[in-house]
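When a residue number appears, it is its place in the shown sequence, counting from 1.
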Amino acid sequence: RELEIGELREQLNNTQSMLKRTVADLNSAKSDLQASSSQAQNTAAALADLQSQYSLTREQLQQAEQMLSSDVMKKYAESVSQLNFQLREKRMILDFTQNRTFYLPEIQLDGRRFLICEVRRATGFDRADISDSVSTLAYMNAVPGELNDQALKLETMYLPAADRRVALLETSGRAGKALRPLPFPELVKRGTQELYLFKQHSFGTESCPLDTRVSLSLEPGDPYLYIRNSNRSSTELRAEPGDVVLTKQGDFVGVVVSTEVFDMGSKEEAKCFVFPAAPALENAVAIPLNRTDNAGFYQEFARGVRNQMNGLRELDAEQRKR
């Protein structure tokens, strides 16, 4: 009897050992399955990311081919100047300084040549408390990539009466060809198809077709082109103040002067100023870019910018009627 009990106990122990091994094998198989599942998920995510990158690259290639097949890149490259901007405003604790490089197209207005930008980008100021103590100021116009000692110092900035946010820096011209601005009535007649956006801080490398992103207001007295900015897409090139718009044929359309958020902050449009048919420089404000006194400061420049700031905020506050 005891022998039978001993055999039963041995069988029970063997069964328990086999059960433990089976459980361990099942756990191991489960872990392998989870690892395989995780690896499959990671592979699927990597594949989706590659497909997204491929789609983006293909879209960018199509856009590049579209631009190269038109006159816009050629006309843009022929018209663009490099503008090196330096400013220092003396302050009690820490001076305010600016050192920027812009790539701006030359346009021809009333028989004169100008580089065009947005005034707050072009001056470095977006406030009305600029002091008279601007000790350094230089706007140097050069061919892109040219040495600084070959650059031309600009002397006057004009703010047209149609929109004081537009900055026109007069230049005697360089080897390039100035673009013809397309007046607003001509843009309405032409339509908004085949327009291209160019960023102010790069020499053509940041540019794109605007396609269906643009619209015109039907309201009288609203001579602006509106460009939709996506709040979701991280790949879409945003239109921001100082950026410019050209047609496929290489005509100058306008310069972005502000952005407007609406629909409870869910949507945004950039407002692009388009020149009217009337003379552009009539009643324009002239701001000198050189010293006009013996104090060692650019006081007339500071006062000219300061006098315009409150008016710029009022323009920004004007909303498109929707």
Side-chain angles (χ1 to χ4, degrees), residues 77 79-109 112-160 164-176 178-179 198-204 206 240-244 255-257 281 284-309 312:
S79 70
V80 165
S81 282
Q82 179 176 319
L83 181 67
N84 301 318
F85 165 55
Q86 291 183 326
L87 178 143
R88 178 179 294 274
E89 180 194 10
K90 292 287 187 181
R91 296 184 179 178
M92 290 290 293
I93 299 176
L94 184 65
D95 291 353
F96 175 74
T97 61
Q98 293 284 293
N99 191 348
R100 300 180 179 180
T101 298
F102 301 95
Y103 294 92
L104 308 175
E106 285 188 14
I107 64 172
Q108 188 160 358
L109 292 170
R112 295 153 68 181
R113 296 165 72 103
F114 300 89
L115 302 182
I116 185 166
C117 193
E118 191 274 335
V119 66
R120 287 162 290 198
R121 297 297 189 276
T123 62
F125 290 100
D126 58 1
R127 53 187 175 77
D129 60 344
I130 172 177
S131 73
D132 290 347
S133 302
V134 176
S135 60
T136 299
L137 182 68
Y139 289 87
M140 306 301 293
N141 177 25
V143 175
E146 195 175 67
L147 298 177
N148 286 336
D149 58 3
Q150 298 174 312
L152 172 69
K153 191 174 189 299
L154 305 185
E155 297 185 351
T156 310
M157 177 187 298
Y158 293 92
L159 312 184
R164 303 291 191 202
R165 292 170 294 190
V166 177
L168 298 170
L169 296 113
E170 187 165 18
T171 175
S172 60
R174 36 148 280 189
L179 297 177
F198 290 86
K199 302 294 290 181
Q200 62 196 296
H201 292 301
S202 71
F203 185 26
E206 291 184 276
E240 298 170 309
D243 299 338
V244 297
V255 58
V256 178
V257 291
L281 299 177
V285 171
I287 298 178
L289 306 179
N290 47 20
R291 288 192 181 96
T292 56
D293 52 56
N294 298 322
F297 295 108
Y298 294 82
Q299 295 181 349
E300 290 302 316
F301 167 81
R303 292 167 186 165
V305 174
R306 184 169 60 238
N307 290 340
Q308 298 303 316
M309 283 301 159
L312 301 187

[X]: side chain to side chain contact (heavy atoms under 4.5 Å, CB included) partners, not counting sequence neighbours:
| X | answer |
| --- | --- |
| A122 | C117, M157, A167 |
| T136 | R88 |
| D132 | Q299, A302, R303, R306 |
| P160 | V166, L168 |

Is there a donor-acceptor pair closer than 3.5 Å between any side-chain N or O of D95 and the backbone N or O of K90?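 No: the side chain of D95 does not pair with the backbone of K90.
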Examine distances only and state if a side-chain atom of R113 and a backbone atom of S172 form a donor-acceptor pair shorter than 3.5 Å.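 Between the backbone of S172 and the side chain of R113 there is no qualifying donor-acceptor contact (under 3.5 Å).
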So how far is it from [X] [atom1] to [Y] [atom2], rounded to the nearest 0.5 Å?
| X | Y | atom1 | atom2 | result |
| --- | --- | --- | --- | --- |
| R164 | L312 | CZ | CG | 10.0 Å |
| L109 | L179 | CG | CG | 11.0 Å |
| E300 | I287 | CD | CD1 | 10.5 Å |
| I130 | F301 | CD1 | CZ | 5.5 Å |
| L83 | R100 | CG | CZ | 11.0 Å |
| F198 | D243 | CZ | CG | 11.0 Å |

Ring center gap for F96 and F125 short of 6.0 angstrom: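 Between F96 and F125, the centre distance is under 6.0 Å.
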Before we go on, tell me: are the rings of F102 and H201 under 6.0 Å apart, centre to centre?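 Yes, close enough.
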After noting the C-alpha distance and the side-chain angles of V256 and E118, does the key distance pass the side chain to side chain contact (heavy atoms under 4.5 Å, CB included) rule? CA-CA 7 Å; V256 178; E118 191 274 335; over 6 Å; no
Under the side-chain hydrogen bond (donor to acceptor under 3.5 Å, both in side chains) rule, collect the residues that match up with R112, sequence neighbours excluded.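 side-chain hydrogen bond (donor to acceptor under 3.5 Å, both in side chains) check on R112 returns Y158, E170.
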Where L87 and T123 come nearest, the two heavy atoms and their spacing: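 Looking at all heavy atoms of both residues, the shortest contact is CD1-O, 3.8 Å.
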Taking all non-hydrogen atoms of both residues, which atom of Y298 and which atom of L289 are closest, and how far apart?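 Heavy atoms only, the tightest pair is CE2-O, 3.7 Å.
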I'd like to check the ring pair (Phe, Tyr, Trp, His ring centres under 6.0 Å) partners of F85; sequence neighbours left out, ordered by chain and number.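 In terms of ring pair (Phe, Tyr, Trp, His ring centres under 6.0 Å), with neighbours along the sequence ignored, F85 is linked to Y139.
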Any heavy-atom pair between the side chains of [Y] and [X] that's under 4.5 Å?
| X | Y | result |
| --- | --- | --- |
| L115 | L154 | yes |
| E106 | N141 | yes |
| Q308 | V119 | no |

Can M309 and R120 be said to form a side chain to side chain contact (heavy atoms under 4.5 Å, CB included), step by step? CA-CA 9 Å; M309 283 301 159; R120 287 162 290 198; 4.2 Å; yes
